[in-house]
Peer 1: 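There's a structure below that I have some questions on.
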Amino acid sequence: LLFILYGSWQAIFHDVSQSLNSSLMSAVEMHDKMGFPQESIAVLKDRIPEIAGTILQLLPAAAFVSLGLVVLFNVVLLCRRFPEKRPHWLTLVSLREWKAPDFLVWGVIVSGFVMFIPGLESVKTLAANFLLVFGACYFFQGLAIIAFFFNKNNVPRFVRGVVYLFIVFQQIFTSLVAGLGLFH
């Protein structure tokens, strides 16, 4: 649909790139008005094109993961609304039992090694997108493991909520959960 509206992939890329650059510049200006150190602001202003380029390169994987989450949320909501249809839509009794297929680890390994090959920038971009998708799968497997142990040990809801907030807002915990899913 975007291709039909814009007429070419270059026009889409150019428009999204300009929008992203202006949004990042607005964010930097807001940080400047909030009184952040000028050295940090100057570094951010210099890095805006690199940041925008990285975001644009990872946009396909982010869109794919977002689409998968929207589908999952809709299926879960439909299962709650129509419990008699749940066996047709989900084979798992609970999402705590979900496990990523074993062969996905090879995708992580190959994508990770391709990231270190010199040159081949387009292949590196593809590998980074695959790595992001596989990382999301292992992140959700890690969440399933944590949810399983919380349920098994009857952890209070308040403690669960605090742990989930740390996982969402602290990148180190997010990485640890993805690592737990990968190495389990």
Peer 1: Is any side-chain heavy atom of Asn151 closer than 4.5 Å to one of Arg160?
Peer 2: yes

Peer 1: Which heavy atom of Phe116 sits nearest a heavy atom of Gly112, and at what distance?
Peer 2: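 Answer, listing the atom of Phe116 first, then Gly112: CD1-O, 3.2 Å.
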
Peer 1: Quiz question: by atom type and distance under 3.5 Å, do the side chains of Gln57 and Asn129 form a donor-acceptor pair?
Peer 2: no

Peer 1: Side chains of Tyr164 and Ile146, heavy atoms from C-beta outward: is any pair under 4.5 Å?
Peer 2: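 Yes, side chains in contact.
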
Peer 1: If only atom types and distance count, is the side chain of Ser22 paired as donor or acceptor with the main-chain N or O of Ser19 below 3.5 Å?
Peer 2: yes

Peer 1: Any side-chain heavy-atom pair from Val163 and Val155 closer than 4.5 angstrom?
Peer 2: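 In short, these two side chains do not touch, never coming nearer than 4.5 Å.
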
Peer 1: Taking the side chain as everything from C-beta on, heavy atoms only, tell me whether Tyr138 gets closer than 4.5 Å to Val105.
Peer 2: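 Contact flag for Tyr138/Val105 side chains = yes.
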
Peer 1: How close do Gly181 and Ile145 get, counting heavy atoms only, and between which atoms?
Peer 2: CA-CD1, 4.3 Å

Peer 1: What distance do Glu121 atom CD and Leu126 atom CG have between them, rounded to the nearest 0.5 Å?
Peer 2: 13.0 Å

Peer 1: For Asn74, which residues count as a side-chain hydrogen bond (donor to acceptor under 3.5 Å, both in side chains) partner, sequence neighbours excluded?
Peer 2: none

Peer 1: Linking I/L/V/M/F/W/Y whenever their side-chain heavy atoms sit closer than 4.5 Å, directly or via other members, would Val76 and Val70 fall into one cluster?
Peer 2: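 Different clusters.
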
Peer 1: I'd like to check Asn21 versus Met25 (side-chain heavy atoms, cut-off strictly below 4.5 Å). Are they in contact?
Peer 2: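 Counting from C-beta outward, Asn21 and Met25 never come under 4.5 Å.
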
Peer 1: Begin with the C-alpha distance, continue with both residues' side-chain angles, and end with the deciding distance and a verdict on side-chain contact (heavy atoms from CB on, under 4.5 Å) for Phe173 and Leu176.
Peer 2: CA-CA 5 Å; Phe173 291 116; Leu176 288 173; 4.2 Å; yes

Peer 1: Over all heavy atoms of both residues, which pair between His31 and Ala27 is shortest? Give the atoms and the distance, please.
Peer 2: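 Closest approach of His31 to Ala27: ND1-O, 2.7 Å.
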
Peer 1: Indicate the atoms forming the closest heavy-atom contact of Phe130 with Ser111, along with that distance.
Peer 2: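 Shortest heavy-atom separation between Phe130 and Ser111 comes out as CB-OG, 3.5 Å.
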
Peer 1: Is the number of heavy atoms from other residues, nucleotides or ligands under 6.0 Å of Phe64 CZ greater than 12?
Peer 2: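 Count not over threshold, so no.
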
Peer 1: Would a distance-only check, ignoring hydrogens and angles, find a side-chain to backbone donor-acceptor pair under 3.5 Å from Thr91 to Pro87?
Peer 2: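 Looks like no, no N/O pair under 3.5 Å.
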
Peer 1: Working to the nearest 0.5 Å, report the span between CG of Leu120 and OG1 of Thr125.
Peer 2: 10.5 Å

Peer 1: For the atom pair NZ (Lys45) and CD (Gln38), what is the distance rounded to the nearest 0.5 Å?
Peer 2: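 Between atom NZ of Lys45 and atom CD of Gln38 there are 7.5 Å.
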
Peer 1: Measure across Arg96 and Ala147 and return the closest heavy-atom pair with its distance rounded to 0.1 Å.
Peer 2: CD-O, 3.3 Å

Peer 1: Rounded at 0.5 Å granularity, tell me how far CG in Leu132 sits from CZ in Phe139.
Peer 2: 12.0 Å

Peer 1: Are Val28 and Leu24 side-chain neighbours, meaning at least one heavy-atom pair lies under 4.5 Å?
Peer 2: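 A side-chain contact under 4.5 Å is absent here.
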
Peer 1: How many angstroms lie between atom CG of Leu104 and atom CD of Gln141, to the nearest 0.5 angstrom?
Peer 2: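 That separation rounds to 9.0 Å.
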
Peer 1: Would a hydrophobic clustering, with Ile, Leu, Val, Met, Phe, Trp and Tyr connected at side-chain separations under 4.5 Å, put Val162 with Val168?
Peer 2: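 In one cluster: no.
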
Peer 1: Would Ile55 and Leu20 count as a side-chain contact (heavy atoms from CB on, under 4.5 Å) here? Give the steps.
Peer 2: CA-CA 9 Å; Ile55 291 172; Leu20 193 55; 3.6 Å; yes

Peer 1: For Lys85, is the NZ atom crowded, meaning more than 12 foreign heavy atoms sit under 6.0 Å from it?
Peer 2: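 Check fails, neighbour count at 12 or below.
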
Peer 1: So does Met34 have more than 12 non-hydrogen atoms from other groups sitting under 6.0 Å from CE?
Peer 2: no

Peer 1: Side chains of Val108 and Leu131, heavy atoms from C-beta outward: is any pair under 4.5 Å?
Peer 2: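 Side-chain contact under 4.5 Å: yes.
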
Peer 1: Could you see if Leu77 belongs to whatever hydrophobic cluster contains Leu90? Use Ile, Leu, Val, Met, Phe, Trp, Tyr and a side-chain cutoff under 4.5 Å.
Peer 2: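 The answer is no; the residues belong to distinct hydrophobic clusters.
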
Peer 1: Identify the two heavy atoms, one from Val114 and one from Ala127, that lie closest to each other, and give their separation to 0.1 Å.
Peer 2: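 Looks like CG1-CB, 3.6 Å.
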
Peer 1: Nearest 0.5 Å, what's the CZ-CD distance between Phe166 and Gln171?
Peer 2: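 One gets 13.5 Å once the value is rounded to the nearest 0.5 Å.
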
Peer 1: Would you say Ile167 ends up clustered with Phe73 if hydrophobic residues are merged whenever their side chains have heavy atoms under 4.5 Å apart, either directly or through other cluster members?
Peer 2: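 Yes; Ile167 is reachable from Phe73 via cluster members.
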
Peer 1: Check whether Leu59 and Leu67 end up in the same hydrophobic cluster, where Ile, Leu, Val, Met, Phe, Trp and Tyr are linked by side-chain heavy atoms less than 4.5 Å apart.
Peer 2: no

